[in-house]
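A quick write-up on the structure given underneath.
Lettering follows sequence order; numbering is per chain, from 1.
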There are 2 protein chains.
Amino acid sequence: MKSSSINLPAEKIIKREKFDESAFRQMIRTMNLKVTDQRLLIFEALHSGRAHVTAQEVFEKVHAVDGAVGFATVYRFLRSLTEYGFVTEVRMGGMSARYELTPKRHHDHLTCMSCGKICEFENHEIESLQERVAAQFGFELTSHVLELYGHCRDCTKAKLKKS
Amino acid sequence: MKSSSINLPAEKIIKREKFDESAFRQMIRTMNLKVTDQRLLIFEALHSGRAHVTAQEVFEKVHAVDGAVGFATVYRFLRSLTEYGFVTEVRMGGMSARYELTPKRHHDHLTCMSCGKICEFENHEIESLQERVAAQFGFELTSHVLELYGHCRDCTKAKLKKS
DNA sequence: AATTTATTTGATAATGATTCTCATTTATAA
DNA sequence: TTATAAATGAGAATCATTATCAAATAAATT
Ligand SMILES: [Zn+2]
Ligand SMILES: [Zn+2]
Ligand SMILES: [Zn+2]
Ligand SMILES: [Zn+2]
C-alpha cells in the first residue's frame, strides 16, 4: 500500500481557475475520444488539490466518488492526456510518475526531500542555455527534465532545532 | 527479455584509464565492505565498455565471466556504490536506472531518443543558475537532475533522407 | 426511441525493474 | 585454524505500470 522510497506528503494546494466541465468535454473530443463519467472524474481529480499527483492518488480521489472506477482506466487516460499534451508527466528520481494539468507556462521543479514541498520555477536563462548546449552537440532538443532537490527553509530550521 | 519503452543501443565507448584492481579493492575497504570476486567483477564491468549501463547490463557482463553470480548481488552492490558516491545513478524518464563510475567532474546528459547516443556536458552557468533559483526559494540544494532529450545530427539526417 | 458499432471499461493477469528473505558460503580478524 | 559477521544466490515479493478480454456504453444512424 505504502509507496517505496521517498514520499512527498505536504504540498500546498495551488489556487486554480474554476472547474470547467465543458472545457474538459471539449478536450476529450479533441483527442477523438468519447466523453465518459470516468474521464470527467479524472479531470476533476487533476484539477483539485495538490498540483502534482501520482496515478495512484488520482485513482484514490476518483475511487472515493465512484468506487466502480478501475485504476486501469486512470492509468490509460493519464497516458492519453500526456500524449496529447493536456497533462504533463513529471518524474523525480526513481519515484512513481506525477501528473499535472499542463500549465500555461513551462516550468521546472524544486523539491524538498524532507517535507515534500514542490516549488515551480521558470528560468529563461537556463532554458536558453540548454538550447545552446544541444546546438553545440548538433542535437535538436525535444524535451528536458530539470529537477532540483534539497531542503526548504522550514525543514532546515527544524533540523537545526532538533540537534 | 526486451526492455520496455526506449532502448539505448549505441553509445560510443569512452576512453578510460587502465583498470586498477588495487584501487577498487581500496574503494571497497573504504566502504567497510569485504573484498569479493563478485564486487571486483562488477567494478570491472563498470570500467569497460559503454559509460552508462543498466543493472541488467552489468549483470550480463559479470554473468558472462562467472555464471554463478546472481543479479541480487549486482543490484545490491550498485546500491552501496551509489550511496557512497563511487557510482552515480542516472535516470532518464521512465527508463531503468543507469550507472556510471562517478566522474571526476560533474556533468549532465544529452540523449538521442532515436539512436541512444548519450553526450555528457558540463555547463557552469546552468549549475550556478540552479543554485540561484534554489536560494531564491530558500532551499539548500543537495542534488539535481538535468537531462536533455532530442535527436542527434545523424538521426535527423537519416530521417530526412527517408521522407 | 431503437439499433448499431466501435470504444471504453474494469477485473484480473502479466510485466519489468528492483528489493527482500533466508539458508548457505566466505572473507577476514584473532 | 577457528570464529563470526558479512556476503551470496535462488527465488519470492513488491511496486508501478501495462496488457488482455469479455461486458458495458457513448454516440452515430436509422
Ligand atoms: Zn525547464
Ligand atoms: Zn509543476
Ligand atoms: Zn548538472
Ligand atoms: Zn555521464
Between CE of A:M95 and C1' of C:dA17 the distance, given in whole Å, is 17 Å
Residue whose nearest DNA chain C nucleotide is more 5′ - A:D37 or B:L33: A:D37
Are A:E57 and A:R98 close enough for a salt bridge, meaning some N to O gap below 4.0 Å? yes
Is any side-chain heavy atom of B:L141 closer than 4.5 Å to a side-chain heavy atom of A:L110? yes
Of all of residues 59-67 of chain A, which get a heavy atom below 4.0 angstrom from DNA chain C, listed by number? none
Distances for protein N/O vs nucleotides 1-5 of chain D N/O pairs under 3.5 angstrom?
unit_1	atom_1	unit_2	atom_2	d
D:dA5	N3	B:K34	NZ	3.4

Under a 4.0 Å heavy-atom cut-off, which of residues 22-32 of chain B touch DNA chain D? none
When you measure from the side chain of A:S114 to the backbone of A:H151, do you find a donor-acceptor pair of N or O atoms at a distance under 3.5 Å? no
Counting only side-chain heavy atoms from C-beta out, which of C:dT18, D:dT8, D:dA27 sits nearest to A:V35? D:dA27
Hey, can you tell me if A:F43 and A:F24 have their rings parallel, tilted or perpendicular (30° and 60° cut-offs)? parallel
Could you tell me the separation between the CG atom of B:L40 and the P atom of C:dA27, rounded to a whole number of Å? 11 Å
Looking at C:dG10, D:dT17, D:dT8, which one has an atom nearest to any side-chain atom of A:Y75? D:dT17
Tell me the closest heavy-atom pair linking A:C112 and A:C155, and the distance in Å. SG-SG, 3.8 Å
Return yes if some donor-acceptor pair links the side-chain N/O of B:K117 with the main-chain N/O of B:D154 below 3.5 Å, else return no. no
Just the rounded figure in Å: distance from C1' of D:dA16 to CG of A:L78. 13 Å
Please list, pair by pair, any protein nitrogen or oxygen found under 3.5 Å from a nitrogen or oxygen in nucleotides 20-25 of chain C.
unit_1	atom_1	unit_2	atom_2	d
C:dC20	OP2	B:R79	NH2	3.1

Spell out, as yes or no, whether a donor-acceptor pair under 3.5 Å connects the side chain of B:R39 to the backbone of B:K34. yes
Can you list every ring pair (Phe, Tyr, Trp, His ring centres under 6.0 Å) pair that touches residues 124-149 of chain B, not counting sequence neighbours? B:H106-B:H144
Which pair of non-hydrogen atoms, one from B:T88 and one from B:P103, has the smallest distance, and what is that distance? OG1-CD, 4.3 Å
For B:R91 and B:E89: C-alpha separation, side-chain torsions, deciding distance, then whether side-chain contact (heavy atoms from CB on, under 4.5 Å) applies. CA-CA 7 Å; B:R91 282 183 175 275; B:E89 193 186 70; 3.4 Å; yes
Results of salt bridge (Lys or Arg N to Asp or Glu O under 4.0 Å) for A:E122 - residues two or more places apart only: A:R105
Examine D:dA26: is either OP1 or OP2 under 4.0 Å from a nitrogen or oxygen in the side chain of A:T36? Give yes or no. no
Atom CD1 of B:I42 and atom C1' of D:dA7: how far apart are they, to the nearest Å? 11 Å
With a cut-off of less than 4.0 Å, is there a side-chain N or O of A:Q56 near OP1 or OP2 of D:dT17? no
Taking everything shown except B:R29 itself, do over 12 heavy atoms lie less than 6.0 Å from its CZ? yes
What one should report as the nearest heavy-atom pair of A:Y84 and A:N32 is OH-ND2, 4.4 Å
Between A:G70 and B:T54, who's closer to the 5' end of DNA chain C by nearest nucleotide? A:G70
Whole angstrom value for the distance that separates P of C:dT8 from CG of A:L81: 12 Å
Is it the case that over 12 heavy atoms from other parts of the model lie below 6.0 angstrom from the CD atom of B:Q136? yes
